[in-house]
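To keep things clear, I will list the structure first and then write my remarks on it.
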Amino acid sequence: MFLRRGGRISAATALAGTMLGIKPLLHVDDEGHLINIGKVRGRKASLDGIVKKLEELGGEYDHSTVFICHGDCLADAEYIRDRVQGRFGVERVYIGYTGAVIGSHSGPGTLALFFLGEHR
């Protein structure tokens, strides 16, 4: 609904995505553009998709610190924290709220994982 309101997707796409439980995986590229890098069905698959991106883009970085921002979904942020700590041995995970500007465009339930990698 919030992606539709922000003009990122059409009303038909929003309706179909909601009915089928499709969740977009979004990425900010080197120029700062928000791009769609994938779609999954279901909330758990979207959370696992975020963790998988750390594996794909993290490269040889030691993964000692990651940041997670959430839009009023602390339990999901903690799920991601547990996954990255268990899978990659992350030492420090900082969890915070998504800012007002991003939150107004993406809505509640938004999650973002920030980490250093070899490239964007």
Side-chain angles (χ1 to χ4, degrees):
M1 175 176 70
F2 288 88
L3 292 174
R4 180 187 55 79
R5 285 182 180 171
R8 300 234 179 247
I9 60 174
S10 69
T13 301
L15 178 63
T18 300
M19 289 174 34
L20 297 173
I22 296 174
K23 309 293 184 189
L25 295 175
L26 305 173
H27 176 73
V28 178
D29 67 9
D30 291 336
E31 289 80 38
H33 299 113
L34 187 62
I35 57 172
N36 185 358
I37 57 169
K39 297 174 189 160
V40 295
R41 288 191 72 182
R43 182 67 171 180
K44 187 171 185 294
S46 69
L47 301 177
D48 293 337
I50 292 172
V51 175
K52 185 177 179 186
K53 277 296 157 191
L54 174 59
E55 180 178 23
E56 292 174 9
L57 299 175
E60 297 300 317
Y61 177 65
D62 68 359
H63 304 299
S64 62
T65 304
V66 299
F67 299 87
I68 301 171
C69 289
H70 68 93
D72 200 25
C73 53
L74 181 59
D76 291 338
E78 290 170 341
Y79 173 82
I80 291 176
R81 177 200 61 207
D82 296 342
R83 293 291 309 248
V84 299
Q85 284 180 326
R87 190 168 177 183
F88 304 106
V90 173
E91 298 168 15
R92 292 175 300 280
V93 178
Y94 297 97
I95 297 176
Y97 283 101
T98 300
V101 174
I102 297 298
S104 67
H105 286 91
S106 58
T110 299
L111 282 158
L113 178 63
F114 300 94
F115 55 90
L116 292 177
E118 291 180 353
H119 66 281
R120 266 187 176 215

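Quick caveat: nothing in here was measured; it's all calculated off a predicted structure.
With sequence neighbours left out, Thr98 forms a side chain to side chain donor-acceptor pair (under 3.5 Å) with no residue at all. Annotation: side chain to side chain donor-acceptor pair (under 3.5 Å) contacts of Glu55 (sequence neighbours excluded): Arg87. Applying the side chain to side chain donor-acceptor pair (under 3.5 Å) rule to Asp72 yields no partners; only residues at least two apart in sequence or on another chain are considered. With sequence neighbours left out, Gln85 forms a side-chain contact (heavy atoms from CB on, under 4.5 Å) with Arg81, Asp82, Val90, Val93. With sequence neighbours excluded, the residues forming a side chain to side chain donor-acceptor pair (under 3.5 Å) with Arg83 are Asp48, Tyr79, listed by chain and number.
Taking Ile, Leu, Val, Met, Phe, Trp and Tyr as members and joining any whose side-chain heavy atoms lie under 4.5 Å apart, directly or through other members, the hydrophobic cluster of Leu20 also contains Ile22.
Remark: Leu57 CG to Ile37 CD1 distance equals 7.0 Å, nearest 0.5 Å. Going from atom NZ of Lys23 over to atom CZ of Arg41 covers 11.0 Å, rounded to the nearest 0.5 Å. The CD1 atom of Ile102 lies 7.5 Å from the CG atom of Leu34; values are rounded to the nearest 0.5 Å. Between the CG atom in Leu26 and the CG atom in Asp29 there is a gap of 12.0 Å [rounded to 0.5 Å]. Rounding to the nearest 0.5 Å places CZ of Arg43 at 4.0 Å from CG of Asp76. The structure places CG of Leu25 at 11.0 Å from CG of Leu111, a figure rounded to the nearest 0.5 Å.
Across all non-hydrogen atoms, the minimal contact from Thr18 to Ala14 is OG1-O, 2.8 Å.
Relative orientation of the Tyr97 and His70 rings is tilted, given thresholds of 30° and 60° on the angle between their planes.
The ring pair (Phe, Tyr, Trp, His ring centres under 6.0 Å) test with Phe67 is passed by exactly one of Phe115, Tyr94, Phe114: Tyr94.
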